[in-house]
Peer 1: 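Below you will find the structure I want to go over with you.
For this chain, numbers begin at 1 and follow the sequence in order. Atom set for the values below is all heavy atoms of this structure, side chains included, hydrogens, waters and symmetry mates excluded. Keep in mind that this is a model prediction, so the values were computed, not measured.
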Amino acid sequence: MKKLLAIIALIVFPLLSMAQERKVQNRPYIDFRRLHYGFFFGLHAQDMELANNGFITADGEQWYADVSAYNPGFSVGVLADLRINSHLALRLVPTLHFGEKQVVFREFNSGNKERQQIKSTYMSLPLDLKFSAQRFNNYRPYIMAGVNPMLDLTVKKQRQLLMKKFDFMVEVGVGCDFYMPFFKLIPELKFCFSLLDVLNKDRSDLLDENLKKFTDSVDKAVTKMIVLSFYFE
């Protein structure tokens, strides 16, 4: 056992010392700039939490709605980063999110199903605070939190459910700055949670009144989103 521990120590201690070894820093003065610019692209998944109320129609039907699948969407935007101090920055990230949600309606008694594809093109303007750790060599982890007003540009009427155009989210996430020789690469994972009910209960748009039963069966809808972004600064 002592020999095994000695061998492990001989392997681990040099690796630890190498991990702590200082290296030449790429772009050592970039974080001292007052204002940074960049752009990003990424992937996201949209979700929506639906509150069913058990509404029963005059025909005795009882419909329940749920988001059945998560389809990957695409995100693209630009970045403006304002340095507050050595660890804190304020970020403005105008963004477009292209994605969709698949809603399935199930009738409780018969088991019949209906589907609705809700495509969304969100124009958003997140305002975030970014708190970064001390830079070591060519990486620097951080956490972020902020608010994110969003406008859906592709709301469609004459469907089972009608969404409101405006939404407002809070978001939290983690990321890491990687300092490359000619630019800074920043992968980031964030989670967005809506503070508003985006279900439009006013269905004066409907020509087929039979579709109103789906809106009557849901009390509210709250959106969520997971976004994986890659910033280039």
Peer 1: Following the transitive rule for hydrophobic clusters with a side-chain heavy-atom cut-off under 4.5 Å over Ile, Leu, Val, Met, Phe, Trp and Tyr, establish whether F182 and F230 coincide in one cluster.
Peer 2: yes
Peer 1: Report the residues that fulfil ring-ring contact (aromatic ring centres under 6.0 Å, His included) with F193, sequence neighbours left out, ordered by chain and then residue number.
Peer 2: none
Peer 1: Can you list the residues that meet the side-chain contact (heavy atoms from CB on, under 4.5 Å) rule with F166, with sequence neighbours excluded?
Peer 2: P149, F168, L196
Peer 1: Do E233 and I186 have side chains that approach each other closer than 4.5 Å (heavy atoms only, starting at C-beta)?
Peer 2: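 In short, these two side chains touch, coming nearer than 4.5 Å.
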Peer 1: Counting only N and O atoms by type, is there a donor-acceptor contact under 3.5 Å from the side chain of D152 to the main-chain atoms of T154?
Peer 2: yes
Peer 1: Evaluate the criterion side-chain contact (heavy atoms from CB on, under 4.5 Å) for residue pair M123 and M150; output intermediate values, then yes/no.
Peer 2: CA-CA 6 Å; M123 182 173 64; M150 305 179 70; over 6 Å; no
Peer 1: What's the separation between atom CG in L151 and atom CG in L153, rounded to the nearest 0.5 Å?
Peer 2: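 Between L151 CG and L153 CG, I get 5.0 Å after rounding to 0.5 Å.
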Peer 1: Stepwise, does the side-chain contact (heavy atoms from CB on, under 4.5 Å) test hold for L211 with E209?
Peer 2: CA-CA 5 Å; L211 293 178; E209 286 295 323; over 6 Å; no
Peer 1: My understanding is that only residues two or more places apart in sequence, or in another chain, count here; which of them pass side chain to side chain donor-acceptor pair (under 3.5 Å) with Q117?
Peer 2: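 Testing Q117 for side chain to side chain donor-acceptor pair (under 3.5 Å), a comparison that skips the adjacent residues, returns E100.
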Peer 1: Under the rule for side chain to side chain donor-acceptor pair (under 3.5 Å), what residues qualify as partners of D197, not counting sequence neighbours?
Peer 2: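 Once residues adjacent in sequence are excluded, D197 has no partner under the side chain to side chain donor-acceptor pair (under 3.5 Å) criterion.
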Peer 1: Using the rule salt bridge (charged side-chain N to carboxylate O under 4.0 Å, His left out), only one of K130, K184, R83 pairs with D31; which is it?
Peer 2: K184
Peer 1: Verify, without hydrogens or angle tests, whether R135 (side chain) and N137 (backbone) share a donor-acceptor contact under 3.5 angstrom.
Peer 2: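 Such a contact is found between R135 side chain and N137 backbone.
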Peer 1: First locate atom CZ of R203, then atom CG of D208, and finally report the distance between them rounded to the nearest 0.5 Å.
Peer 2: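 Between R203 CZ and D208 CG, I get 10.5 Å after rounding to 0.5 Å.
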Peer 1: Minimum heavy-atom separation for Y142 to P187, with atom names?
Peer 2: OH-O, 4.2 Å
Peer 1: At their closest point, which heavy atom of S75 faces which heavy atom of V227, and how far apart are they?
Peer 2: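 Minimum heavy-atom separation between S75 and V227: OG-CG1, 4.3 Å.
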Peer 1: Checking L90 against L127 for the side-chain contact (heavy atoms from CB on, under 4.5 Å) test, could you report, in this order, the C-alpha distance in whole Å, the side-chain angles of both residues, the deciding distance, and whether it holds?
Peer 2: CA-CA 7 Å; L90 183 67; L127 184 64; 3.9 Å; yes
Peer 1: Name all residues meeting the side-chain contact (heavy atoms from CB on, under 4.5 Å) criterion together with Q62; count only those two or more places apart in sequence or in a different chain, and write none if there are none.
Peer 2: I56, Y64, E107, F108
Peer 1: By the salt bridge (Lys or Arg N to Asp or Glu O under 4.0 Å) test, which pairs, at least two apart or in different chains, include something from residues 161-170?
Peer 2: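 As it turns out, there is no salt bridge (Lys or Arg N to Asp or Glu O under 4.0 Å) pair with a partner in residues 161-170 once direct neighbours are skipped.
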Peer 1: To the nearest 0.5 Å, how far apart are CD in Q46 and OG in S120?
Peer 2: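 If we round to the nearest 0.5 Å, Q46:CD and S120:OG are 5.0 Å apart.
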Peer 1: Are the side chain of R140 and the backbone of A133 linked by a donor-acceptor contact shorter than 3.5 Å?
Peer 2: yes
Peer 1: In this structure, would V174 and Y231 fall into the same cluster of hydrophobic residues linked by side-chain contacts under 4.5 Å?
Peer 2: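 Different hydrophobic clusters.
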Peer 1: To the nearest 0.5 Å, what is the distance between CZ on F131 and CD1 on I143?
Peer 2: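 Here the interatomic distance stands at 6.5 Å.
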Peer 1: With distance as the sole test, does T121 use its side chain to make a donor-acceptor pair with the main-chain N or O of F98 at under 3.5 Å?
Peer 2: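 Checked: no pair found.
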Peer 1: Nearest 0.5 Å, please: how far is NZ in K224 from SG in C192?
Peer 2: 12.0 Å
Peer 1: A side-chain contact here means heavy atoms from C-beta on lying under 4.5 Å apart; do M225 and F191 qualify?
Peer 2: no
Peer 1: Strictly by modelled atom types, are N112 and S110 linked by a side-chain donor-acceptor pair under 3.5 Å?
Peer 2: yes
Peer 1: Under 4.5 Å between side-chain heavy atoms, counting indirect links through other Ile/Leu/Val/Met/Phe/Trp/Tyr residues: same cluster for L96 and F40 or not?
Peer 2: no
Peer 1: Using 0.5 Å steps for rounding, measure from the CD atom of Q116 to the CD atom of Q160.
Peer 2: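 Here the interatomic distance stands at 4.5 Å.
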Peer 1: Would you mind reporting whether K157 and L162 have side-chain heavy atoms less than 4.5 Å apart?
Peer 2: yes
Peer 1: Could you report the tightest heavy-atom contact between K101 and Y122, atom names first, then the distance?
Peer 2: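 Looking at all heavy atoms of both residues, the shortest contact is NZ-OH, 3.4 Å.
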Peer 1: Tell me whether I84 is reachable from M144 by hopping between hydrophobic residues (I, L, V, M, F, W, Y) whose side-chain heavy atoms are closer than 4.5 Å.
Peer 2: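 As far as the 4.5 Å side-chain criterion goes, I84 and M144 are not connected within one cluster.
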Peer 1: Do L161 and T215 have side-chain heavy atoms sitting under 4.5 Å apart?
Peer 2: yes
Peer 1: Going by heavy atoms in the side chains, are T223 and D47 under 4.5 Å from each other?
Peer 2: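 Heavy-atom side-chain distance check fails, nothing below 4.5 Å.
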Peer 1: Which residues satisfy the side chain to side chain donor-acceptor pair (under 3.5 Å) test with N53, sequence neighbours excluded?
Peer 2: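 Counting only residues at least two positions away or on another chain, N53 forms a side chain to side chain donor-acceptor pair (under 3.5 Å) with D219.
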Peer 1: Do F32 and L35 share a hydrophobic cluster, counting only Ile, Leu, Val, Met, Phe, Trp and Tyr and linking them when any side-chain heavy atoms are less than 4.5 Å apart?
Peer 2: no
Peer 1: Do L92 and L125 touch side chain to side chain, with heavy atoms closer than 4.5 Å?
Peer 2: yes
Peer 1: Taking all heavy atoms of A145 and all of V172, pick out the closest pair and write down the distance.
Peer 2: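 Closest pair (atom of A145, atom of V172, distance): CB-CG1, 4.0 Å.
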Peer 1: Is the F183 ring parallel, tilted or perpendicular to the F232 ring (thresholds 30°, 60°)?
Peer 2: tilted
Peer 1: Give me each pair satisfying side chain to side chain donor-acceptor pair (under 3.5 Å) with a member in residues 84-95, each pair once, sequence neighbours excluded.
Peer 2: R91-E188
Peer 1: Are side-chain heavy atoms of H36 and I30 found at a separation under 4.5 Å?
Peer 2: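 Yes, side chains in contact.
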Peer 1: Of all residues at least two apart in sequence or in a different chain, which pass the side-chain contact (heavy atoms from CB on, under 4.5 Å) check with L43?
Peer 2: none
Peer 1: Can you check whether V147 reaches M169 side chain to side chain, under 4.5 Å on heavy atoms?
Peer 2: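 With C-beta onward as the side chain, the pair stays apart.
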Peer 1: With ring pair (Phe, Tyr, Trp, His ring centres under 6.0 Å) as the rule and sequence neighbours excluded, what pairs involving residues 195-223 come up?
Peer 2: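 For residues 195-223: W63-F214, F105-F214.
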Peer 1: Could you work out, with side-chain contact (heavy atoms from CB on, under 4.5 Å) as the rule, every residue matching N26, not counting sequence neighbours?
Peer 2: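 If we apply the side-chain contact (heavy atoms from CB on, under 4.5 Å) test to N26, skipping adjacent residues, the hits are N138, Y179, P181.
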Peer 1: Identify the heavy atoms of C176 and Y139 that sit nearest to each other, and give their distance.
Peer 2: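 Looks like SG-CB, 4.0 Å.
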Peer 1: Could you check whether any side-chain N or O of K201 sits under 3.5 Å from a backbone N or O of V218, counting only pairs where one atom can act as donor and the other as acceptor?
Peer 2: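 Yes, K201 side chain to V218 backbone: donor-acceptor pair under 3.5 Å.
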Peer 1: Looking only at heavy atoms, which two atoms of M48 and A221 are closest? And how far apart?
Peer 2: SD-CB, 3.8 Å
Peer 1: Going by the rule side chain to side chain donor-acceptor pair (under 3.5 Å), which residues pair with N148 if we only count those two or more places apart in sequence or in a different chain?
Peer 2: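 N148 satisfies side chain to side chain donor-acceptor pair (under 3.5 Å) with E171 once adjacent residues are dropped.
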Peer 1: Could you go through the side-chain contact (heavy atoms from CB on, under 4.5 Å) check for V93 and V78 one step at a time?
Peer 2: CA-CA 6 Å; V93 193; V78 294; over 6 Å; no
